[in-house]
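In what follows, a structure is listed as structure tokens, so that the remarks can point back to it.
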Amino acid sequence: MVENEHTTYPGTIYICYQGVGKSNTVDDNVGFIDLESSNFRLEDGYRPDDWYKYYAQVAFDLATQGYSVFTASHDVVRKELAKIRDKYHPEIEIAIVYPKPELRDAWVERLQKRYDKNPTRKNKAALGNAKDRLPENVAEMKDDAYKYGFLKIEIDSTDYFLIDKLPIQDHNVELSLRKTNGMKAESFTEWLGSQGDPDNILPPELDFQKAIYFLKDYLLGEDWYVNYPGSAKQVTTDIVYAILEKYSKKFRKELRGF
């Protein structure tokens with residue numbers, strides 16, 4: 001769902017290896033855009049030599065409006081994004097998203113299933129590239145991350161939701177998780193009352209992540225945040241730690257023993 005509810009903060013640009021789950025993330029969350037590079041082809045199917053310049057400019061235009069943008073991972077795109085950021089938009093964070101090279105066979109299978117379901121030219125090219133060069137592609141992306149100071153987001157399994165891998169400092173990630181969780185700190189009793197059969201004396205089911213974010217807002221305040229580029233699951237660890245440190249005498253005693 002391409003929806004943006006704020007323009008106070010810039011978005012993040014994610015340079016994504018093929019098949020990481022861009023489209024599903026856009027469909028299931030808010031504030032994200034999949035900037036499809038195939039849309040920059042001419043009617044005859046070819047791209048102009050400088051297509052990547054316009055492509056990168058559009059990515060930054062969207063990010064400055066508050067959207068988080070998924071881009072292609074072409075070498076020329078990575079370098080152009082770094083160039084524009086350094087010259088004009090140092091406030092925009094850029095990250096690379098890629099699978100572990102050890103996932104090569106599983107990733108090829110993933111892309112094969114995508115191509116079988118939707119046999120487009122783009123999906124065929126992505127499948128062939130992964131078969132031929134996935135470890136090399138990933139190494140090149142990581143080299144550029146080191147060179148240009150991009151964040152690195154490594155996918156270590158084919159069983160995941162991309163939104164859970166993205167840094168919580170991206171306000172669109174936090175906004176999406178809040179909407180997915182669907183519960184505000186001040187309305188927990190109302191939420192309880194609206195769930196399930198009122199005649200059922202057993203408590204309703206509460207999703208783990210929904211519970212964590214409720215406790216964060218309720219016990220730590222909605223302004224609580226971490227100041228490192230951690231994934232949603234990494235931030236969950238910090239939330240639990242902060243709650244225990246603030247409210248548990250047993251935990252504070254445990255810390256003094258270290």
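It should be emphasised that the depicted structure is a prediction, and the values quoted were computed from it without experimental measurement.
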With a 4.0 Å cut-off, would you call [X] and [Y] a salt bridge?
X: Lys147; Y: Asp143; answer: no
X: Arg78; Y: Asp75; answer: yes
X: Lys122; Y: Glu36; answer: yes
X: Lys216; Y: Asp238; answer: no

Using the six-membered ring wherever Trp is involved, compare the ring planes of Phe60 and His89 and label them parallel, tilted or perpendicular (cut-offs 30° and 60°). parallel

With rounding to the nearest 0.5 Å, note down the distance linking [atom1] in [X] to [atom2] in [Y].
X: Glu245; Y: Leu255; atom1: CD; atom2: CG; answer: 6.0 Å
X: Cys16; Y: Asp34; atom1: SG; atom2: CG; answer: 8.0 Å
X: Asn137; Y: Ser73; atom1: CG; atom2: OG; answer: 6.5 Å
X: Trp51; Y: Phe40; atom1: CH2; atom2: CZ; answer: 8.0 Å
X: Ser157; Y: Leu103; atom1: OG; atom2: CG; answer: 7.0 Å
X: Ile239; Y: Ile212; atom1: CD1; atom2: CD1; answer: 6.0 Å

Can any side-chain N or O of [X] pair as donor or acceptor with the backbone N or O of [Y] at less than 3.5 Å?
X: Ser68; Y: Thr12; result: yes
X: Asn123; Y: Asn118; result: yes
X: Thr64; Y: Asp61; result: yes
X: Arg85; Y: Ile94; result: no

For [X] and [Y], work out which heavy atoms get closest and say how close.
X: Ala145; Y: Ile96; answer: CB-CD1, 3.5 Å
X: Gln18; Y: Ala130; answer: NE2-N, 4.1 Å
X: Leu220; Y: Ala242; answer: CD1-CB, 3.8 Å
X: Leu111; Y: Gly19; answer: CD2-CA, 3.8 Å
X: Ile153; Y: Lys165; answer: CG2-O, 3.5 Å
X: Leu81; Y: Ala59; answer: CD2-CB, 4.2 Å

Got a sec: does the [atom1] of [X] have more than 12 other heavy atoms crowding it under 6.0 Å?
X: Asp49; atom1: CG; value: no
X: Tyr247; atom1: OH; value: yes
X: Lys124; atom1: NZ; value: no

Near-ring test Phe251/Tyr241, centroid separation under 6.0 angstrom: yes

May I ask you to check whether Phe70 and Phe32 place their ring centres under 6.0 Å from each other? yes

Answer yes or no: is there a side-chain heavy-atom contact under 4.5 Å between [X] and [Y]?
X: Tyr17; Y: Val97; answer: no
X: Pro10; Y: His171; answer: no
X: Ser37; Y: Thr71; answer: no
X: Val77; Y: Ile15; answer: no
X: Lys83; Y: Tyr148; answer: no
X: Val58; Y: Leu35; answer: yes

Apply side chain to side chain contact (heavy atoms under 4.5 Å, CB included) to Gln112 and Lys131, showing your working. CA-CA 10 Å; Gln112 181 69 61; Lys131 286 180 177 179; 3.9 Å; yes

If you measure only the distance, is there a donor-acceptor pair under 3.5 Å linking the side chains of Tyr14 and Asp170? yes

Looking only at side-chain N and O atoms, does Asn29 offer a donor or acceptor that is under 3.5 Å from a partner on Asn172? no

For Gln57 and Ile84, run side chain to side chain contact (heavy atoms under 4.5 Å, CB included): C-alpha distance rounded to whole Å, both residues' side-chain angles, the deciding distance at 0.1 Å, then the answer. CA-CA 8 Å; Gln57 289 168 8; Ile84 294 176; 4.0 Å; yes

Going by the rule salt bridge (charged side-chain N to carboxylate O under 4.0 Å, His left out), which residues pair with Lys142 if we only count those two or more places apart in sequence or in a different chain? none

Output all residues satisfying side-chain hydrogen bond (donor to acceptor under 3.5 Å, both in side chains) with Arg133, sequence neighbours left out; order by chain, then residue number. Glu140

Just grab all the side-chain hydrogen bond (donor to acceptor under 3.5 Å, both in side chains) pairs involving residues 95-110, residues at least two apart or on different chains. Arg110-Tyr160

Output, in order, the C-alpha distance, side-chain angles, deciding distance and verdict of side chain to side chain contact (heavy atoms under 4.5 Å, CB included) for Val173 and Ile163. CA-CA 7 Å; Val173 174; Ile163 192 69; 4.3 Å; yes

